[in-house]
Trainee: 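Questions regarding the structure given below will be posed in turn.
All values below come from the heavy atoms of this structure, side chains included, with hydrogens, waters and symmetry mates left out. Chain letters run A, B, ... following the sequence lines, proteins first and then strands; every chain starts at 1.
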Amino acid sequence: MLPADSPLLEGLNDRQAQAVTSQAGALLIVAGAGSGKTSVLTRRIAGLIASKTAWPSQILAITFTNKAAGEMRERVAALVGEASQGMWISTFHSACVRILRTEAERFGYTKAFTIYDSGDQRALIKRLIRDHGADRLGLTPASVSGKMSRLKNELVDVDSYRGQVRESDPNDVAFYQLWSDYQAELARSQAFDFDDLIVHTVQLFRAFPEVAAVYRRRFRHILVDEYQDTNHAQYALIRELTQAVSPEQVPESAPPHERENGLEAPALTVVGDSDQSIYAFRGADIRNIVEFERDFPGAEVILLEQNYRSKQTILDAANAVISQNFDRKAKNLFSELGAGDKIQGFTGYSQHDEAQFVADEIGKLIDEGYRYQDIAVFYRTNAQTRAMEDVFIRQALPYRIIGGTKFYERAEIKDLLAYLHAIANPADALAVRRILNTPKRGIGPATEATLVAHAEQAGITLSQALTEVDQMGLGPKVTGAISELSQLLIELRSTLDSATAAETLKAVIDRTGYRTLLERSNDPQDLARVENVDELLGVASEFSRGNQDGGLVEFLTEVSLVAAADELDDSGGTVSLMTLHTAKGLEFDAVFVTGVEEELLPHRMSANEPGGLAEERRLFYVGMTRAKNKLHLSLAMSRQTFGEAMVCAPSRFLREIPEELMQWRDSGLGDRALTAPRTSLEREPRSLPRPPREKNTQWANRIDTVVRDNSEMELAVGDRITHDDFGPGTISALTGAGPKRVAEVRFDQVGKKRLLVKIAPISLTPGV
DNA sequence: ATTCTATGTATTTTT
DNA sequence: TACATAGAAT
């Protein structure tokens with residue numbers, strides 16, 4: 001028991017302190033946005049250690065992202081020091097990988113199994129659909145993987161699905177066939193997809209009670225963050241881990257009292273907020289949190305409603321929005337941080353106009369003393385980044401996109417990782433297929449088919465088939481190329497014990513000539529690819545340095561499980577751009593929620609789904625509650641959606657915010673301005689003014705394809721210039737050099753802006 | 001087998 | 001718009 005004057009309770013309110021010290025076997029902490037739940041969670045863990053209630057090794061804490069795990073580990077370490085080393089603090093997926101690697105041999109897998117990410121999964125399903133001719137039936141990789149994932153999240157496996165196939169439905173029959181082949185190929189390749197990691201761990205515990213007992217005895221305190229976003233499979237995993245251990249399951253080596261009485265169920269603490277549940281589309285089941293008290297009789301529930309993050313105005317607006325969701329437990333966040341500024345609303349003509357507003361406001365915030373890393377821009381879809389990037393680049397505004405087209409999804413990265421996968425796990429057929437002709441070795445589909453057929457016939461892996469290539473009667477050129485590849489794989493496998501991941505990667509790059517080929521290429525994009533290759537090498541070196549005992553398999557695991565939010569580093573002085581989903585769990589001094597329009601937020605795709613609108617509203621709520629001081633909500637009246645301009649209407653969510661909390665503006669370029677979105681809501685969308693024509697062509701090109709190059713332009717403070725969009729202005733400052741030269745211009749009509757000189761559409765005004 | 005060109009189709013969110 | 005795929009040319 002923690003003493004009342006423990007430093008771990010310092011500065012906590014009563015409810016928080018209660019959450020830290022509770023002895024309940026099952027504890028639900030309903031933590032509203034910004035209510036200090038990470039503090040509570042970390043201090044609770046530290047308290048368990050300090051009061052000798054638990055050893056570090058008895059603690060399992062589950063977070064949503066690796067970044068959150070890292071942060072939690074750091075904060076726990078700050079409280080308890082070295083002791084944090086022995087704890088498991090990780091995501092569901094990482095924890096499952098660790099368990100599965102340990103127990104792999106028990107169920108006929110190798111420790112070095114591969115994890116197939118969504119891209120790998122897609123590629124495999126696509127091939128299977130083609131092989132089955134299932135595209136005729138309208139099955140797509142997306143629909144198949146979606147359905148598979150939904151079933152897996154409900155713990156339905158292929159074998160049990162077989163019984164419920166509707167034989168009269170050719171679509172369903174084909175789906176079953178595909179799924180069954182998919183799992184067979186995964187098993188042959190010694191691979192798991194994301195969902196399988198959870199499902200197989202649950203199945204492992206159910207099939208081997210003695211294994212389950214090992215982990216139930218080991219983890220005496222389990223803590224789960226973001227519980228509202230757990231799906232049924234994850235719920236089942238938690239249930240498996242929180243069972244009591246009967247005397248029969250206790251090993252001989254255990255202390256006598258345990259052998260006699262068994263062991264009571266481990267203690268469970270979950271933290272969550274049903275108002276922030278935004279992953280239903282991925283199988284998250286809100287009932288897990290809503291029905292917690294029923295699931296765990298005698299559970300204690302603690303509600304944290306005091307918000308330590310945001311100004312009251314922001315909370316009032318957020319509360320007003322979320323209260324529109326019916327069937328929700330009443331909860332009202334309050335803050336003692338003062339009312340703060342009104343929420344700034346902005347209506348632009350186009351997405352570029354909107355982006356320009358965001359850039360201008362960021363400029364003002366910087367002048368007020370905000371730092372770039374204190375500012376974030378959120379959007380509903382990744383496609384919205386384009387306009388933002390265009391404007392940000394032109395204004396030399398340092399930004400970083402979190403998530404989006406991820407580094408590890410790039411072709412060159414996947415190529416090199418496929419080599420590593422093929423080396424670490426020779427059974428991985430997908431990886432071998434990928435590298436077969438990368439870089440180009442003159443091996444086409446015909447040769448690939450021959451190799452696969454040989455492997456199948458002989459009942460060997462594809463890697464083994466490569467070694468038998470000379471028995472296949474292929475041409476001398478092809479045979480030579482394949483045995484060379486085979487040699488390389490064998491050789492690098494043999495050095496696995498002594499070589500680091502970085503060394504193996506380096507060897508792959510050198511021996512295949514991958515980097516050299518990119519360098520010699522005359523495709524300008526290949527230059528960027530060389531940089532990516534080097535970056536991957538850097539990542540591997542860093543990993544090998546930081547994880548002395550971690551080898552190739554560990555490196556590949558880490559790489560496979562990175563999440564979007566993990567990319568966020570607080571060190572850099574950049575504005576962060578991310579989707580609303582990625583924003584969950586983060587906070588920023590100033591936040592821009594962009595594209596607050598019908599069809600986008602709420603997204604049109606959500607309209608058909610049951611509960612879709614409520615989830616969109618929660619998403620908006622999550623975005624709003626990330627802001628500490630300043631919240632901006634913006635929208636555009638028209639938006640380019642695949643090539644075509646679409647007229648947009650303001651989001652219904654904006655109507656849910658009390659008028660007096662907001663201050664609306666528009667771009668003020670002439671008489672086409674909207675007065676307020678309230679007015680425009682009543683207006684027919686079609687009658688909305690169209691954005692000026694020239695503007696579209698102006699921004700149509702992406703920045704890197706623009707031919708303009710002002711690098712020769714000689715500018716000085718005080719010079720008068722004219723900008724195509726902003727009109728005449730005077731240069732007030734110049735910074736940076738060469739292609740990075742930035743001019744600060746005071747425009748006569750639109751105020752101060754920063755421009756990247758090299759690409760700005762400006763000309764010197766003569767005669768001044 | 002590879003590379004170039006034309007055509008069609010698709011964008012929600014992600015561990 | 002832009003990306004992926006299919007078809008044609010080399």
Trainee: Please determine if a side-chain N or O atom of Thr582(A) lies less than 4.0 Å away from the OP1 or OP2 oxygen of dT14(B).
Mentor: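 Answer is yes, contact under 4.0 Å.
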Trainee: Provide, to the nearest angstrom, the distance between the CD atom belonging to Glu409(A) and the P atom belonging to dT15(B).
Mentor: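 Glu409(A) atom CD is separated from dT15(B) atom P by 10 Å.
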Trainee: Pull out every protein N or O sitting under 3.5 Å from an N or O of nucleotides 1-9 of chain B, one pair per line with the distance.
Mentor:
| from | atom 1 | to | atom 2 | distance (Å) |
| --- | --- | --- | --- | --- |
| dA1(B) | OP1 | Gly444(A) | N | 2.6 |
| dT2(B) | OP1 | Gly442(A) | N | 3.0 |
| dT2(B) | OP2 | Asn437(A) | ND2 | 3.0 |

Trainee: Whole Å only: how far is the CZ atom of Arg604(A) from the P atom of dA10(B)?
Mentor: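 Whole-Å distance recorded here is 14 Å.
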Trainee: Between the base of dT15(B) and the side chain of His93(A), is there a donor-acceptor distance below 3.5 Å?
Mentor: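 Between dT15(B) and His93(A), which were checked side chain against base, a qualifying N/O pair under 3.5 Å is present.
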Trainee: With sugar-phosphate meaning primed atoms plus P, OP1 and OP2, does Glu448(A) contact a base, only sugar-phosphate, or nothing at under 4.0 Å between heavy atoms?
Mentor: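 No contact.
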Trainee: Evaluate whether the aromatic ring of Tyr279(A) and the six-membered ring of the dT14(B) base sit under 5.5 Å apart, centre to centre, with an inclination under 30°.
Mentor: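 The ring of Tyr279(A) is not stacked on dT14(B).
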Trainee: So Ile289(A) and Val270(A), side-chain contact (heavy atoms from CB on, under 4.5 Å) or not? Walk me through it.
Mentor: CA-CA 8 Å; Ile289(A) 191 163; Val270(A) 305; 5.6 Å; no
Trainee: Could you check how far CZ of Arg282(A) sits from C1' of dT14(B), rounded to whole Å?
Mentor: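 In whole Å, dT14(B) C1' and Arg282(A) CZ are 5 Å from each other.
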Trainee: Provide, to the nearest angstrom, the distance between the CG atom belonging to Leu577(A) and the P atom belonging to dT13(B).
Mentor: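 Answer to the nearest Å: 15 Å.
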Trainee: Are Lys152(A) and Asp193(A) ion-paired here, with the side-chain N under 4.0 Å from a carboxylate O?
Mentor: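 Counted as a salt bridge, because a side-chain N and a carboxylate O are separated by less than 4.0 Å.
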Trainee: Can you measure Arg380(A) atom CZ to dT14(B) atom C1' for me and round it to whole angstrom units?
Mentor: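 Checked: the CZ to C1' distance equals 11 Å.
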Trainee: Does the side chain of Asn382(A) get closer than 4.0 angstrom to OP1 or OP2 of dT13(B) through an N or O atom?
Mentor: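 The answer is yes; a side-chain N or O of Asn382(A) sits under 4.0 Å from OP1 or OP2.
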Trainee: Assess whether a salt bridge exists between Glu226(A) and Lys584(A), defined as any Lys/Arg side-chain N lying under 4.0 Å from an Asp/Glu carboxylate O.
Mentor: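 Yes.
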Trainee: Give a yes or no on whether a salt bridge exists between Arg639(A) and Glu354(A), defined as a side-chain N under 4.0 angstrom from a carboxylate O.
Mentor: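 Judged by the 4.0 Å cut-off on N to carboxylate O distance, Arg639(A) and Glu354(A) do form a salt bridge.
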Trainee: Under the ring pair (Phe, Tyr, Trp, His ring centres under 6.0 Å) test, which residues partner Tyr182(A), sequence neighbours left out?
Mentor: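 Not a single residue meets the ring pair (Phe, Tyr, Trp, His ring centres under 6.0 Å) criterion with Tyr182(A).
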Trainee: Would you say a side-chain N or O of Thr579(A) is under 4.0 Å from OP1 or OP2 of dT12(B)?
Mentor: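 No, Thr579(A) has no side-chain N/O under 4.0 Å of OP1/OP2 on dT12(B).
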Trainee: Considering heavy-atom distances to DNA chain B, does Ser118(A) or Glu609(A) have its closest nucleotide positioned more toward the 5' end?
Mentor: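 Result of the comparison: Glu609(A).
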Trainee: Side chain of Ala383(A): nearest nucleotide among dT11(B), dT14(B), dT15(B)?
Mentor: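 The answer is dT11(B), which lies nearest to the side chain.
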Trainee: May I have the distance from Arg639(A) (atom CZ) to dT1(C) (atom P), rounded to whole angstrom?
Mentor: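 From Arg639(A) CZ to dT1(C) P: 17 Å.
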Trainee: Round to a whole Å and report the spacing from NE2 of His581(A) to P of dT11(B).
Mentor: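 Value for this atom pair: 17 Å.
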Trainee: Go through the structure and list residues passing salt bridge (Lys or Arg N to Asp or Glu O under 4.0 Å) with Arg328(A), not counting sequence neighbours.
Mentor: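 Listed in chain order: Asp275(A).
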Trainee: Please give, in whole Å, the distance from dT15(B) C1' to Arg150(A) CZ?
Mentor: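 Roughly 17 Å, once rounded to whole Å.
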Trainee: Could you check, using the six-membered ring where one of them is a Trp, whether Phe113(A) and His200(A) have ring centers closer than 6.0 angstrom?
Mentor: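 No, the ring of Phe113(A) stays outside the 6.0 Å limit from the ring of His200(A), centre to centre.
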